[in-house]
Amino acid sequence: MRVRTIGLERWVLPAVCLLAATEWVQANGFRNPPEGAAALSMTGGKTAMRDDATAVSHNPANLVNLEASELHSSISFVHAEIDYKGASGSGSTTDPWKYLPNFFYAAPIPDLDISAGIGLTTPYGQSTEWEEDGPFAFTAPYLAELRTINIRPVLAYRISPEWSVAAGPDFMYSDLNFKQLFPWGAVTGNPAEAPGNMRLEGDGLGVGGTIALAWKPAEGHRVGLTYRSRVKVDYEGDLDVTDIPPPSSLPDPLGMILAPSSDLDTEITFPSIVSLGEGYAVSEEVRVAVDVEW
């Protein structure tokens, strides 16, 4: 993340960085579970074998297998709680339950080898919240929250009985919310100085795309390939600091230029994803499949 602030003296910025300049892992660290109840229960096979409306998310080329319109909705319930005991104290996170809704609609277009679909998903982000005076006061945000909403309209086309393709844009909205206590006593030299509260809020929109391919090499066999491009979200918002001490108690020139509010300009690039899957329908009730994802 890159953070730009206006109106804050440079030597205060290390504290801002504790709040905002987090190094996000380029992995599944804040990616949410697979969309749809069936996909959540499968360790593999989502790319090759899913051919209901949730294929909008996993492999939209499989939408050509729909015989009628479908509407799917689901909510994933996530329970995430952390207990900590260490040299800095002890504490537990609050608000452990997260709710992640997803909606899908898809339908074949009559008299054409085309199907259309749209999905609304929450692919990334949750939140972690501690008590304000918990074990990480002044060293880490007591609230760190990232949310995303992705809207994906797609069209799928059957090239032949064996091959189908699909493509569509991704529109991702995201917002950030960080809160952290700031030790004004470390700036003024007065340990009795009341701490301030730093709050960073911002949101933005990014655009990417999805393309997919489905192949039926033989009866009962399926191969699927899906590429989702990276999406860069540019966030704009505010960084607010409360309980700023009187200018006379702050070292020069900080007391003259410190502002309670600054502009925020930062970005997050959500990674591209490539999924390859193969599956075989042993019978109407049994399928065997495997997915490889990068």
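What you are looking at is a predicted structure, and each value in this text was computed from that prediction instead of being measured.
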Hydrophobic clustering (ILVMFWY, side-chain heavy atoms < 4.5 Å, transitive) - are [Y] and [X] grouped together?
X: M172; Y: L146; result: yes
X: W294; Y: Y227; result: yes
X: I114; Y: L213; result: yes
X: Y142; Y: Y84; result: yes
X: I159; Y: I211; result: yes

Any side-chain heavy atom of [X] within less than 4.5 Å of one from [Y]?
X: S74; Y: F103; result: no
X: P101; Y: T122; result: yes
X: N32; Y: P123; result: no
X: L120; Y: I118; result: no
X: V274; Y: L225; result: yes
X: P108; Y: S115; result: yes
X: N177; Y: L200; result: no
X: F178; Y: L143; result: no

So, does [X] use its side chain to make a donor-acceptor pair with the main chain of [Y] at under 3.5 Å?
X: N62; Y: R50; result: yes
X: S174; Y: R147; result: yes
X: D291; Y: K46; result: yes
X: S229; Y: G209; result: yes
X: E70; Y: D52; result: no
X: K98; Y: S127; result: yes

Short side-chain donor-acceptor distance under 3.5 Å, [Y] and [X]:
X: T188; Y: N190; answer: no
X: Y173; Y: D203; answer: yes
X: T47; Y: N59; answer: no
X: N102; Y: T121; answer: no

Notebook entry, point to check: Does F270 have its ring centroid less than 6.0 Å away from the ring centroid of Y124?
Noted result: yes
Check: Hey, do the aromatic rings of F138 and F182 have their centres closer than 6.0 Å?
Finding: no
Next item on the list: Please test F77 against Y99 for ring pair (Phe, Tyr, Trp, His ring centres under 6.0 Å), starting from the C-alpha separation and ending with a verdict.
Entry: CA-CA 5 Å; F77 298 88; Y99 309 97; 5.6 Å; yes
Item checked: side chain to side chain contact (heavy atoms under 4.5 Å, CB included) between D170 and R152, intermediate numbers included -> CA-CA 5 Å; D170 284 298; R152 175 181 296 156; 2.6 Å; yes
Check: Who are the ring pair (Phe, Tyr, Trp, His ring centres under 6.0 Å) partners of W97, not counting sequence neighbours?
Finding: H79
Note to self: Is it the case that atom CD in E236 sees more than 12 heavy atoms from other parts of the structure closer than 6.0 Å?
What the structure shows: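 No, the 6.0 Å shell around CD holds no more than 12 heavy atoms from other groups.
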What heavy-atom pair brings [X] and [Y] nearest, and what distance separates the two atoms?
X: T54; Y: H58; result: O-CD2, 3.2 Å
X: Y105; Y: S69; result: OH-CB, 3.5 Å
X: G206; Y: V231; result: C-CG1, 3.6 Å
X: A156; Y: L63; result: CB-CB, 4.1 Å
X: S164; Y: A61; result: OG-O, 2.9 Å
X: G224; Y: A48; result: N-CB, 4.0 Å

Next item on the list: Give the ring-plane orientation class for W163 versus W215, where under 30° counts as parallel, over 60° as perpendicular and anything between as tilted.
Entry: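 Rings of W163 and W215: parallel, as their planes differ by under 30°.
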When rounded to the nearest 0.5 angstrom, what distance separates [atom1] in [X] from [atom2] in [Y]?
X: L239; Y: M198; atom1: CG; atom2: CE; answer: 5.0 Å
X: E145; Y: K179; atom1: CD; atom2: NZ; answer: 9.0 Å
X: L66; Y: I109; atom1: CG; atom2: CD1; answer: 11.5 Å
X: W184; Y: E193; atom1: CH2; atom2: CD; answer: 9.0 Å
X: F171; Y: L205; atom1: CZ; atom2: CG; answer: 8.0 Å

Next item on the list: Step by step, work out the side chain to side chain contact (heavy atoms under 4.5 Å, CB included) result for Y157 and V64.
Entry: CA-CA 7 Å; Y157 174 63; V64 297; 5.7 Å; no
Next item on the list: In sequence, state the C-alpha distance, the side-chain angles, and the governing distance for L176 and T266, and then conclude on side chain to side chain contact (heavy atoms under 4.5 Å, CB included).
Entry: CA-CA 10 Å; L176 298 169; T266 189; 4.1 Å; yes
Next item on the list: Would you mind listing every salt bridge (Lys or Arg N to Asp or Glu O under 4.0 Å) that reaches into residues 213-231, with sequence neighbours excluded?
Entry: D51-R222, R228-E293
Notebook entry, point to check: Would E267 and V233 count as a side chain to side chain contact (heavy atoms under 4.5 Å, CB included) if you check the C-alpha gap in whole Å, the side-chain angles of each, and the deciding distance to 0.1 Å?
Noted result: CA-CA 6 Å; E267 64 184 40; V233 178; over 6 Å; no
Margin query: Would K85 and D83 count as a salt bridge (charged side-chain N to carboxylate O under 4.0 Å, His left out) here? Give the steps.
Written below: CA-CA 7 Å; K85 291 183 179 180; D83 295 318; over 6 Å; no
